[in-house]
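This report concerns only the one structure given below.
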Amino acid sequence: LKFVCLSNDGIDEHMVWLVGLKNIFARQLPNMPKEYIVRLVMDRSHKSVMVIRRNHVVGGITYRPYVSQRFGEIAFCAITADEQVKGYGTRLMNHLKQHARDVDGLTHFLTYADNNAVGYFIKQGFTKEIYLEKDRWHGYIKDYDGGILMECKIDQKLPYTDLST
Ligand code: ACO
């Protein structure tokens, strides 16, 4: 099992994984237009953290780091149907936080959570209250009707991952 974070860089193996992730999103997020999913997953300003097991994608999170604003927007998050509620979603989020902090230099995440995923995001430290100053994110993320805006502050010291997890 491994966790990788990458974007559309033209490397064959990475492209196979990104297509696999796109297919998981299309199945798990039926309200999202498939063309929109493909566009963001393949967009070079987005990155995807993925869980890979035996060279297959189990799930992932696609996000856009706004480095100048020091926050990231999570666009899509899903685990393949038969692997949900086994802890992968939590481990994925921890890898995302570690990467976003240590590589992108981010302090916060914002996301429009689906109603049925609010419980998952709360367990990952997200809140419905937005504490991030509006001028840091307003105009960067698009308004979206189908979800609830949630925020997560990334701890600047906590080790989110270690070699045993
Ligand atoms: N509602 C409430 N709680 C949940 C949900 C949910 N939909 N899913 C998981 N949890 C809880 C689990 O019970 C667990 O709680 P515990 O720690 O007390 O045992 C905790 O959240 C973490 O569970 P994991 O096993 O780590 O979560 P999982 O691997 O299933 O990943 C995810 C969670 C990504 C939501 C997955 O269930 C999934 O793909 N669901 C369908 C797609 C979806 O709804 N994605 C989010 C849409 S919003 C967006 O993409 C921005």
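Everything quoted here is computed from the prediction, not taken from an experiment. One-based numbering, in listed order, for ligands and for the atoms of each.
Heavy-atom minimum distance, Lys97 versus Cys152: CE-SG, 3.6 Å.
For the salt bridge (charged side-chain N to carboxylate O under 4.0 Å, His left out) condition, no pair includes a residue of residues 113-130, sequence neighbours left out.
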Show me the side-chain donor-acceptor pairs of residues 19-37 shorter than 3.5 Å, one per line, residues at least two apart or across chains.
unit_1	atom_1	unit_2	atom_2	d
Asn23	ND2	Val19	O	3.4
Gln28	OE1	Gln84	NE2	2.8

Can you give the donor-acceptor pairs under 3.5 Å from side chains of residues 58-65 to other protein atoms, not counting sequence neighbours?
unit_1	atom_1	unit_2	atom_2	d
Thr62	OG1	Ser48	OG	2.8
Tyr63	OH	Asp104	OD2	2.6

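Checking side-chain atoms of Tyr88 against main-chain N and O of Glu83 turns up no donor-acceptor pair under 3.5 Å.
Here the options are Gln69, Arg101, Arg136, Arg70, the test is side-chain hydrogen bond (donor to acceptor under 3.5 Å, both in side chains), and the partner is Thr107; only Arg136 passes.
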For ligand 1, list every N/O pair with the protein closer than 3.5 Å, one pair per line with the distance.
unit_1	atom_1	unit_2	atom_2	d
ligand 1	1 (N)	Asn116	O	3.2
ligand 1	7 (N)	Asn116	O	2.7
ligand 1	15 (O)	Lys123	NZ	3.1
ligand 1	18 (O)	Lys123	NZ	3.1
ligand 1	25 (O)	Lys86	N	3.1
ligand 1	25 (O)	Gly87	N	2.7
ligand 1	26 (O)	Gly89	N	3.4
ligand 1	26 (O)	Thr90	N	2.9
ligand 1	26 (O)	Thr90	OG1	2.7
ligand 1	29 (O)	Gly89	N	2.7
ligand 1	30 (O)	Val85	N	2.6
ligand 1	39 (O)	Ile79	N	2.8
ligand 1	39 (O)	Ile79	O	3.4
ligand 1	39 (O)	Gln84	NE2	3.3
ligand 1	45 (N)	Cys77	O	2.8
ligand 1	50 (O)	Cys77	N	3.0

